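Just so it is clear, the structure is predicted and the values come from calculations on it, not from any experiment.
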Amino acid sequence: MKHSSRHLSTFIFILTLICGCLLLSNSAVAKTYSVYDNCYGGSCSAVVSKNKVYFSTTETGKIQCYNIKSGKTTTVIKKNGKGFYSMKKKGEYLYAIYDSYGGSDGSNDSIVRVNIKTGNMETLAKGCNFVIQNDNIYYTMTERTRDEYGNDYDKEIGVYSMNLDGSNQTACSDVTLSTKQPKKIKTSKGTLISSGKTYSDGYYSPYKLTFKAKNGKKKVLYNVKKDKNAAEYSSIWYFTIQGNYVIFKTYLKGGKYGPDGALVIMKTNGKGKKVFYKRTSVSGW
């Protein structure tokens, strides 16, 4: 009986040890990806690719392309609804969240990809909050649901992965998607640092952008408080750094119906600053 007890105790000890190792192994491979890996803010999205800027702004349903050298802007795609968000480029495609909802009181999001050359759009999955890692897309899968009051909304199901063409959709219990937005963005070229005010409710309002090069030298790129053309109470609503370029959104005076929302591009050395898109402020923009 004593031998049986000892054997049982030994078995339980070994089983516990194995389970502990498995748990440690699973926690070691668990990954967290940042949805906002190179940008802060919403209502617009911009992707820099060589001499072109692909950008989208809310309430237009468009993805447009600004040619940095020629200064010309063309339309890649025009759809209904509020439009495209969180754009990322991979090969000849722009991957994005497409909101087909027409009003300002809700959303109906899908993950899509748009061929840059043809403008053709493919819907890959019903979802939001996605990242691209190698040849996989990790995203929050959603399901269109109706509440007790008859209102339709997107219900989050969980984190899934899929191939770049939308195939092989699989649940991922070991992946977390972080939606925390960065106050500074580190790149191989240097770091884009924002300065601003954090309110009691946690809302952060940036007003200055500074680029810190790898050698430690700093350059203030923009300070909305020192911009005479900035609208009253304006701040920086979006910013991103990609390669040698910084793009940000602010509000400028002089619009026909009030302040204009404006997208500005400039190099990390402070040169070449230009407003490449501007339109009247509306809901969401």
Side-chain angles (χ1 to χ4, degrees), residues 30-37 39-45 47 55-64 75-88 90 93-115 119-133 136-181 201-204 237-238 249 261 279-285:
K31 295 181 179 179
T32 299
Y33 296 116
S34 175
V35 173
Y36 296 95
D37 57 345
C39 68
Y40 169 91
S43 81
C44 59
S45 181
V47 173
F55 67 98
S56 63
T57 58
T58 186
E59 308 293 348
T60 64
K62 292 181 180 180
I63 294 178
Q64 295 174 273
T75 298
V76 177
I77 186 174
K78 172 71 171 72
K79 300 288 287 184
N80 295 324
K82 288 195 283 290
F84 301 86
Y85 301 86
S86 303
M87 289 197 304
K88 298 168 177 54
K90 181 81 171 177
Y93 291 100
L94 289 171
Y95 292 80
I97 296 170
Y98 170 59
D99 185 358
S100 61
Y101 193 78
S104 59
D105 59 341
S107 61
N108 189 355
D109 294 336
S110 297
I111 298 173
V112 302
R113 70 176 185 177
V114 177
N115 188 296
N120 292 333
M121 185 181 87
E122 302 172 73
T123 300
L124 305 181
K126 189 82 179 70
C128 60
N129 298 333
F130 76 100
V131 299
I132 298 176
Q133 291 291 323
N136 290 311
I137 298 174
Y138 296 95
Y139 66 102
T140 301
M141 177 180 278
T142 60
E143 180 180 67
R144 200 66 176 165
T145 305
R146 179 162 294 180
D147 64 19
E148 58 182 313
Y149 304 104
N151 301 311
D152 294 331
Y153 69 99
D154 288 343
K155 179 181 178 181
E156 294 188 359
I157 304 300
V159 178
Y160 277 65
S161 69
M162 62 180 168
N163 296 337
L164 294 176
D165 62 358
S167 62
N168 195 27
Q169 298 182 11
T170 308
C172 294
S173 59
D174 59 343
V175 173
T176 300
L177 299 179
S178 171
T179 56
K180 183 179 180 180
Q181 298 198 14
D201 60 357
Y203 176 73
Y204 177 63
W237 292 81
Y238 170 87
K249 174 194 170 186
R279 91 171 196 269
T280 302
S281 174
V282 293
S283 173
W285 171 256

| remark: Of all heavy-atom pairs linking Ala96 and Met87, the shortest is CB-CG, 3.7 Å
| field | Nearest-0.5 Å distance, CG of residue Leu164 to CG of residue Asn136 | value | 7.0 Å
| query | Okay, side chain of Lys126, backbone of Asp109: is any donor-acceptor separation there less than 3.5 Å? | reply | yes
| remark: Rounding to 0.5 Å, atoms SG (Cys44) and OH (Tyr85) come to a distance of 10.0 Å
| remark: So CG of Asp152 and CG of Asp147: to nearest 0.5 Å the spacing works out to 8.0 Å
| query | Considering only heavy atoms from C-beta outward, does the side chain of Thr57 approach that of Lys249 to under 4.5 Å? | reply | no
| request: List the steps and the verdict of side-chain contact (heavy atoms from CB on, under 4.5 Å) for Lys31 and Gln133. | output: CA-CA 11 Å; Lys31 295 181 179 179; Gln133 291 291 323; over 6 Å; no
| query | Between Ser45 and Tyr238, do the side chains contain an N or O donor and an N or O acceptor separated by less than 3.5 Å? | reply | no
| message | What's the separation between atom OG in Ser86 and atom OH in Tyr36, rounded to the nearest 0.5 Å? | response | 5.5 Å
| said: Using side-chain contact (heavy atoms from CB on, under 4.5 Å), reason through Tyr93 and Asn115 one step at a time and then give a plain yes or no. | reply: CA-CA 5 Å; Tyr93 291 100; Asn115 188 296; 4.0 Å; yes
| Taking atom CG of Asn80 as the centre, does the number of heavy atoms from other residues, nucleotides or ligands within less than 6.0 Å exceed 12? | no
| task | Spell out, as yes or no, whether a donor-acceptor pair under 3.5 Å connects the side chain of Ser110 to the backbone of Thr123. | result | no
| query | Counting N and O atoms only, with roles assigned by atom type, does the side chain of Asp154 sit under 3.5 Å from a partner on the main chain of Arg144, one being a donor and the other an acceptor? | reply | no
| request: To the nearest 0.5 angstrom, please state how far the CG atom of Leu94 sits from the NZ atom of Lys88. | output: 11.5 Å
| query | Does the side chain of Tyr101 pick up a donor-acceptor pair with the side chain of Asp105 at under 3.5 Å? | reply | yes
| Minimal non-hydrogen separation, Asp99 against Ser107, with atom names | OD2-CB, 3.4 Å
| task | With salt bridge (Lys or Arg N to Asp or Glu O under 4.0 Å) as the test, would you mind laying out the steps for Arg113 and Glu122 before giving the verdict? | result | CA-CA 5 Å; Arg113 70 176 185 177; Glu122 302 172 73; 2.9 Å; yes
| said: Using every non-hydrogen atom in the two residues, find where Ser56 and Ile63 come nearest and quote the distance to one decimal. | reply: CB-CG1, 4.4 Å
| message | To check you understand the geometry: which heavy-atom pair defines the closest contact between Leu124 and Gln169, and what is its length? | response | O-NE2, 3.0 Å
| request: State the CG-CE distance between Asn168 and Met162, to the nearest 0.5 angstrom. | output: 11.0 Å
| Expected output: side-chain Ser167 to main-chain Asp165 donor-acceptor under 3.5 Å | no
| request: Determine whether more than 12 heavy atoms belonging to other residues, nucleotides or ligands lie under 6.0 Å from atom NZ of Lys78. | output: yes
| query | Considering only heavy atoms from C-beta outward, does the side chain of Asp37 approach that of Val131 to under 4.5 Å? | reply | no
| said: side-chain contact (heavy atoms from CB on, under 4.5 Å) for Tyr139 and Ile97? Distances and angles first, verdict last. | reply: CA-CA 10 Å; Tyr139 66 102; Ile97 296 170; over 6 Å; no
| task | Could you tell me how the ring of Tyr40 sits relative to the ring of Tyr204: parallel (under 30°), tilted (30 to 60°) or perpendicular (over 60°)? | result | perpendicular
| request: Tell me, with the steps shown, if Phe130 and Leu177 meet side-chain contact (heavy atoms from CB on, under 4.5 Å). | output: CA-CA 8 Å; Phe130 76 100; Leu177 299 179; 5.8 Å; no
| If only atom types and distance count, is the side chain of Asn163 paired as donor or acceptor with the main-chain N or O of Gly166 below 3.5 Å? | no
| query | Where is the tightest heavy-atom contact between Thr142 and Cys128, given as atom of each residue plus distance? | reply | CG2-SG, 4.1 Å
| Hey, is the main chain of Phe84 close enough, under 3.5 Å, to the side chain of Lys79 for a donor-acceptor pair? | no
